[in-house]
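Here is the structure we will look at.
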Amino acid sequence: MCGIFGYVGSRNDAGNVVVEGLKNLEYRGYDSWGVACSVGDGFLVKKDIGKISAVNGLQFFDHSCLAVAHTRWATHGGVTKANAHPHLSEDGSIAVVHNGIIENFVQIRDDLKAKGHTFLSETDSEVIPHLIEEEYKKSGDFAASVRQACLQFEGRYAILALHTGSKTIVAARTGSPLIVGVMRKDKGAAEDGYFIASDIPAFMNYTKVVQYLDDGEMVVTDGKSILFSDIQTGSEKPKREIEITWSIEQSEKGDFEHYMLKEIMDQKESVARAVNQDEEQIQTLAHAIRDAKGTFLVGCGTAAKACMAAEYFFSVIAKHHVNFAPASEFKLYHHFLQKESLLIVVSQSGETADVLDAMRVAKLKGSKVLAIVNVEGSTIAREADYTLLINAGPERAVASTKALTGQLAVLLLIAHALAGRLQEGRTLLLETGAQINDMLNPRYVHRLKLLAEKIKNEEDLYIIGKSWNYPMALESAIKIQEVSYVHAEGFAGGELKHGPIALIEKGSPCIALYGHDEVTTDLITNAIELKARGAFMIGVGPTQHEVFDEWIKVPDVAAAQPLVNIIPIQVLAYFLAVKRGKNPDMPRNLAKSVTVK
Ligand code: M6R
């Protein structure tokens with residue numbers, strides 16, 4: 001949520017560097033944007049509502065070697081130019097961009113108002129430069145004043161701060177991500193410089209060498225050197241440089257019109273990459289689950305649906321009970337946690353605030369945490385005791401697609417390992433990956449495009465499933481809702497008769513997700529019940545049945561059925577969005593990485 005990006009170095013086009021880089025962070029928020037650029041003894045500020053991707057050329061920012069920029073996902077205060085970042089101090093000498101929420105901002109703002117400060121926005125963020133200014137009056141040391149201000153903030157923040165009197169960027173984080181990109185001549189780079197961003201794609205065109213800030217840390221850089229320190233103690237922190245393995249091409253959409261479609265297509269290969277895990281590590285984790293006094297699975301949104309499906313995987317395949325909770329509810333489960341409990345967290349971004357909070361609850365109890373993530377080096381990956389990467393490659397569209405199938409694959413693999421059948425699980429998943437490759441052919445995709453055309457004007461859509469297809473029904477609803485804004489709801493097939501069936505009218509489109517297993521007959525019965533009330537029935541499963549008005553064939557892949565059943569729904573959701581004139585990559589009100597509670 002909110003993307004921030006700063007650069008200081010030997011280049012003299014810092015404004016354009018940050019504006020162009022920020023376009024790669026637009027998935028984090030896209031309601032307004034802003035830039036502050038150091039020029040002479042002051043800085044130039046430009047901000048506006050709208051998308052940073054629409055901004056072309058800010059020539060007046062040339063001849064600057066230091067700049068910070070921001071793309072906003074509104075939390076406090078509406079989408080206005082005044083609320084866009086950067087925010088300035090009272091005297092205009094300090095500029096700050098911020099991602100996160102300063103929870104005690106009202107108190108800080110009132111104290112500052114009493115000292116004569118005036119505020120121009122409705123944001124929590126605006127107190128940051130004003131408080132730094134007050135601290136600067138006391139010490140005359142910019143970095144020290146940022147640190148002193150940070151010590152007074154409650155909540156989450158990643159901030160980049162500039163001061164007219166200094167040619168440095170000072171950055172600090174607690175709860176929101178910040179990563180440094182390193183470009184140094186003594187390391188073979190063509191020029192010296194440092195980038196500081198919410199996520200790596202901002203500076204991928206310049207360097208693949210990164211340093212991660214941990215929570216409670218800050219950095220000061222003048223473009224030639226960088227100093228990491230602890231916000232609490234002020235003491236210096238040594239930092240490793242890490243070379244990231246993925247390339248900028250992997251995170252670009254190439255010839256595809258949207259990232260969402262590109263990432264759906266990436267599933268032709270990404271499932272196989274997820275399965276390619278170190279077998280010894282998978283066995284170790286399976287043993288940890290077997291020996292744990294209670295295993296809990298948590299995630300949010302789509303990742304939560306992978307966790308729900310895993311409850312069924314562990315039960316059916318390994319006969320082992322695990323507990324699922326949405327990460328935002330997990331706090332309330334702490335009574336059941338012990339030192340010997342295991343928390344499995346699932347997250348694409350590795351930065352989701354609710355998931356991090358759940359991890360911290362578990363850590364307080366001394367429980368171990370296994371993270372299944374996509375983004376290497378993310379906060380969740382670094383804070384967990386064990387980490388498994390799903391290796392899906394960068395996922396940029398807000399709607400999560402390839403991350404889900406990667407998460408399902410890893411969880412299914414672990415369930416097989418727990419049952420002592422790891423090789424069988426591997427083989428099943430590799431075959432499933434190959435089947436997905438076959439499914440995503442132009443004819444299949446076109447068929448779903450035609451189906452989207454047929455139902456594009458419907459305002460309500462219902463999806464049913466049973467067993468591991470029940471979480472996929474819930475996931476189908478999320479996918480359709482978030483990109484097409486059609487009201488979609490998922491149900492367990494058997495629950496219909498307890499209420500939801502009252503919603504069905506003649507022609508209501510309903511999708512049934514099923515496999516070839518012990519619950520198929522029950523699910524078909526549920527489909528027949530819907531049809532009897534006039535529903536337009538769409539079946540997604542391996543075998544045809546007369547109840548269906550439309551049937552989308554998927555391969556029969558036993559326990560891996562959720563991975564293939566969700567593919568046509570992802571494609572359908574994509575085309576529903578496009579046919580309804582919506583941009584599936586940038587759904588309203590959403591952002592890719594949800595780093596606030
Ligand atoms: O990065 P995470 O996997 O932790 O994100 C969790 C959810 O915010 C995410 O899955 C969200 O629900 C997606 N927009 C769904 O497509």
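Position 1 is the first residue of the sequence; numbering continues from there. We count ligands from 1, going down the list as the structure has it; atoms in each ligand are counted the same way. As the structure is a computational prediction, the values presented were derived from the model and not from experiment.
Using a 4.0 Å cut-off between charged nitrogen and carboxylate oxygen, Glu458 and Arg580 do not count as a salt-bridge pair.
Few gaps surround NZ on Lys365; more than 12 heavy atoms of other groups in view lie less than 6.0 Å from it. Counting heavy-atom neighbours within 6.0 Å of Lys553 NZ, excluding the residue itself, gives a total of 12 or less. The number of heavy-atom neighbours closer than 6.0 Å to CD of Glu453, taken from other residues, nucleotides and ligands shown, is above 12.
Under the 6.0 Å cut-off for aromatic ring centres, His258 and Tyr574 qualify, their centroids lying closer than that.
In this pair, Trp468 and Phe313 present their aromatic rings tilted. The plane angle is within the 30 to 60° band.
Sorted by chain then number, the residues whose non-hydrogen atoms approach ligand 1 to under 4.0 Å are Cys300, Gly301, Thr302, Ala303, Ser347, Gln348, Ser349, Thr352, Val398, Ala399, Ser400, Lys479, Glu482, Val594.
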